Each structure stands twice: as structure tokens, then as C-alpha cells.
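Accompanying notes for the structure given below.
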Amino acid sequence: AQSVTQPDIHITVSEGASLELRCNYSYGATPYLFWYVQSPGQGLQLLLKYFSGDTLVQGIKGFEAEFKRSQSSFNLRKPSVHWSDAAEYFCAVAAPGGGNKLTFGTGTQLKVEL
Amino acid sequence: GAVVSQHPSRVICKSGTSVKIECRSLDFQATTMFWYRQFPKKSLMLMATSNEGSKATYEQGVEKDKFLINHASLTLSTLTVTSAHPEDSSFYICSAREGNSYEQYFGPGTRLTVT
């Protein structure tokens with residue numbers, strides 16, 4: 001079974017600073033990888049996903065993520081954080097052919113200081 | 001597009017009663033819907049997967065007689081928490097997918113408090 005680790009429970013960055021949220025997964029092959037953002041009162045929104053191909057994935061809201069097979073990682077990055085990016089971020093994996101079940105990490109709470 | 005709604009957004013019920021939560025896909029047909037439970041400061045835990053017109057598949061450790069899931073149409077799934085107890089208090093989230101897509105669209109969640 002697959003698992004996901006998000007080592008950082010909380011991260012605080014200043015507005016305008018760069019951001020990197022870490023995600024490591026455990027799976028026997030290359031899983032499908034996702035990053036979601038959860039804001040209060042709103043459903044989880046998909047930021048980006050990786051299935052195959054180019055390991056640098058561009059998403060919405062200026063986010064990108066890079067799949068590194070050797071490190072079993074799929075870290076989320078943004079070059080310049082906006083105050084509105086403050087939210088909870090979840091990394092998730094799905095096993096290809098596994099019925100689309102998502103396994104989520106425990107999330108990283110992002111706080112943005114003005 | 002791809003909007004999923006949940007109703008109610010918050011519900012308080014007394015211990016021993018049952019409560020129903022609705023999940024609707026508003027602008028697409030959801031062949032599969034998923035129900036998750038999210039504890040404070042915790043990840044989303046998949047409870048069950050439901051396909052329209054068939055019985056839900058429950059994850060290990062989830063009591064199917066306590067958490068009744070019905071997916072009677074391509075746009076509606078319901079989760080009924082039967083004989084609720086305070087330990088059932090949680091944030092319940094549904095998601096839906098169209099066809100065989102790996103992308104799930106999430107509802108805003110329902111906060112259940114059992115007193």
C-alpha cells in the first residue's frame with residue numbers, strides 16, 4: 001500500500017518570499033501524484049498533478065512541483081507567495097489502476113506574514 | 001465547472017440519533033463518489049467508495065452499518081451516520097469523479113457535532 005509523508009506540519013513565510021512544501025511517498029512503482037489546497041469553508045482544490053512525462057509540473061495559482069524518482073519526492077514550489085496562499089496543503093498519491101483511491105499526507109499549514 | 005456541493009455544512013445532533021449528509025455533483029455526472037473523514041490537524045481518511053447503483057465499498061475499519069452510503073443517482077450520494085455518538089464528531093468530506101478520470105472534485109465538507 002502506498003503512503004505519503006509531509007514532514008512539515010507548519011510553515012511560515014513572508015509575503016513575496018519563495019516557498020517549498022515537501023512531500024515524500026512510498027510506493028513500489030511510480031504513483032500518480034497530486035497537490036491539493038484546502039481553505040476554510042471551501043473544498044479541496046487541485047493545484048496540480050503528475051501522471052507521467054515531464055517531471056516538472058505547472059499548476060494553477062503559480063505553483064509548480066517536481067517529481068524526483070530517486071528521492072521519492074514531489075515537492076511543491078512557488079517563487080513568490082501571496083497572502084492569499086495561506087491555507088492547508090495536502091500531497092496525495094494514487095496507485096495507477098488502483099481504482100482512483102487517493103492516499104493523503106497529513107498536510108502542511110502555510111502561514112503568510114505580511 | 002466540476003462543482004460538488006454538500007449539505008448541510010454544519011449539523012449538531014444528539015447522541016443516539018441519525019444524521020444524513022448529502023453530496024451532489026452540480027454540473028457533471030459522478031460515476032464514483034468518495035467519502036472521507038478528516039480529524040482536526042489530520043489527514044483525510046477514505047471511508048468508502050460508492051459507484052452509482054451499486055453497494056459502497058468500505059475501507060478496513062469503517063463500520064458499514066454505522067455509516068450508510070447510498071449513491072442512487074449520478075449526481076447524488078448520501079452518507080447517513082446512524083446512532084451517532086460523540087466520537088463520530090468530525091469533518092466529513094465527499095468527492096466525485098467523472099468516468100474513469102483520476103481527478104476528484106471535492107465538496108466543502110460537513111462539520112458534524114454529536115452532543
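Just so it is clear, the model here is predicted, and its values are computed rather than measured.
In this structure, chain B has no heavy atom under 4.5 Å from any part of A:Ile9. Interface remark: A:Leu44 contributes backbone and side-chain atoms alike to the contact with chain B (heavy atom separation under 4.5 Å). Residue A:Gln38 touches chain B through its side chain alone, counting heavy-atom pairs closer than 4.5 Å. Of the atoms belonging to B:Leu46, it is side-chain heavy atoms, and not backbone ones, that fall under 4.5 Å from chain A. Contact of B:Phe91 with chain A is made through the side chain alone, with heavy-atom distances under 4.5 Å.
When only modelled atom types and interatomic distance are considered, B:Gln6 and B:Thr110 share a side-chain donor-acceptor pair under 3.5 Å. Side-chain contact annotation: B:Ser50 with B:His71, donor-acceptor N/O pair under 3.5 Å present.
Nearest approach of B:Ala30 to B:Ala96, heavy atoms of both residues: CB-CB, 3.6 Å. Nearest heavy atom pair, residue B:Leu74 against residue B:Ser25, reads O-OG, 3.4 Å.
In this structure, A:Lys78 satisfies the cation-pi test against A:Phe63, with its NZ or CZ atom closer than 6.0 Å to the six-membered ring centre and inside 45 degrees of the ring normal.
Each of B:Arg111, B:Gln104, B:Glu103, B:Met45 has some count of heavy-atom pairs under 4.5 Å with chain A, and the biggest count is that of B:Gln104.
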